[in-house]
Q: 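Take this structure, written in structure tokens, and hold onto it; I'll ask about it next.
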Amino acid sequence: MRKLSEDEASEIRRKRIFLTKHFTMREITRVNFYQIKRVMEEGEIYQEGKNKYRASVQIREKIIFVLFASYEDYNVVITTGITTKK
């Protein structure tokens, strides 16, 4: 994983966020859309593949992360999760 620079992260943050039907049917119960948006706007972004990224932010004692794919004009959320800080 490679942490993105602030310039690279700001480019990704400017894009629209899309949630797929598959994602909303399975994953939206863990993290709501406002939390997803906050994680993508404020969190640290790491590149995990050619166009796949992980954004994470600590909220109280929990860490919320969002895995997403970034395309030319938009980002597609793949999955989200909540972990404890250890």
Side-chain angles (χ1 to χ4, degrees):
M1 277 193 306
R2 175 181 74 88
K3 184 176 179 181
L4 298 182
S5 69
E6 279 303 314
D7 293 335
E8 292 171 317
S10 66
E11 286 293 321
I12 288 176
R13 289 182 176 122
R14 279 188 240 165
K15 298 177 186 179
R16 295 179 295 174
I17 301 171
F18 284 109
L19 306 176
T20 63
K21 181 179 177 182
H22 174 76
F23 171 79
T24 55
M25 297 290 284
R26 295 182 58 231
E27 306 289 337
I28 202 68
T29 57
R30 287 190 227 172
V31 179
N32 65 39
F33 180 75
Y34 297 107
Q35 289 172 322
I36 292 170
K37 188 172 178 177
R38 179 178 174 191
V39 169
M40 292 182 74
E41 287 177 351
E42 298 175 11
E44 294 180 342
I45 299 177
Y46 294 89
Q47 185 171 11
E48 292 195 336
K50 186 175 180 181
N51 69 334
K52 293 196 171 122
Y53 299 89
R54 173 188 298 261
S56 62
V57 70
Q58 182 174 343
I59 299 175
R60 297 188 198 117
E61 66 277 348
K62 303 285 184 178
I63 296 173
I64 299 175
F65 67 88
V66 176
L67 295 175
F68 63 97
S70 183
Y71 298 101
E72 189 174 331
D73 296 329
Y74 57 91
N75 297 318
V76 177
V77 176
I78 298 170
T79 191
T80 61
I82 301 174
T83 63
T84 58
K85 182 180 177 188
K86 293 190 178 187

Q: Quick one, Ile59 with Lys62, criterion side-chain contact (heavy atoms from CB on, under 4.5 Å). Give me CA distance, side-chain angles, the key distance, then yes/no.
A: CA-CA 5 Å; Ile59 299 175; Lys62 303 285 184 178; 5.6 Å; no

Q: Is it true that Val57 and Tyr46 fall in one hydrophobic cluster, defined by side-chain heavy atoms closer than 4.5 Å?
A: no

Q: Verify the cluster assignment for Phe33 and Phe18: are they in a single hydrophobic cluster under the rule of side-chain heavy atoms below 4.5 Å apart?
A: no

Q: Among all residues two or more places apart in sequence or in another chain, which pass the side-chain hydrogen bond (donor to acceptor under 3.5 Å, both in side chains) test with Lys37?
A: none

Q: Looking only at heavy atoms, what is the nearest atom pair of Arg13 and Glu6, with distance?
A: NH1-OE1, 3.9 Å

Q: Test salt bridge (Lys or Arg N to Asp or Glu O under 4.0 Å) on Glu42 and Arg38; report intermediate values, then the result.
A: CA-CA 6 Å; Glu42 298 175 11; Arg38 179 178 174 191; 3.1 Å; yes

Q: Is there a path of hydrophobic side-chain contacts, each under 4.5 Å between heavy atoms of I/L/V/M/F/W/Y residues, joining Ile17 to Leu4?
A: yes

Q: So which atom in Val39 and which in Ala55 form the shortest heavy-atom distance, rounded to 0.1 Å?
A: CG1-O, 3.4 Å

Q: Drop me the distance from Arg2's CZ to Glu8's CD, to the nearest 0.5 angstrom.
A: 4.5 Å

Q: Roughly how far, to the nearest 0.5 Å, is CD of Glu48 from CD1 of Ile78?
A: 9.0 Å

Q: How far apart are the closest heavy atoms of Ile45 and Met40, and which atoms are they?
A: CD1-O, 4.1 Å

Q: Show the atom names and distances, to 0.1 Å, of all donor-acceptor pairs under 3.5 Å that link a side chain in residues 63-74 to residues at least two apart or in another chain.
A:
| residue | atom | partner | partner atom | Å |
| --- | --- | --- | --- | --- |
| Ser70 | OG | Lys15 | NZ | 2.9 |
| Ser70 | OG | Asn75 | OD1 | 2.9 |

Q: Testing Leu19, Thr20, Asn51 for side chain to side chain contact (heavy atoms under 4.5 Å, CB included) with Val76, which one passes?
A: Thr20

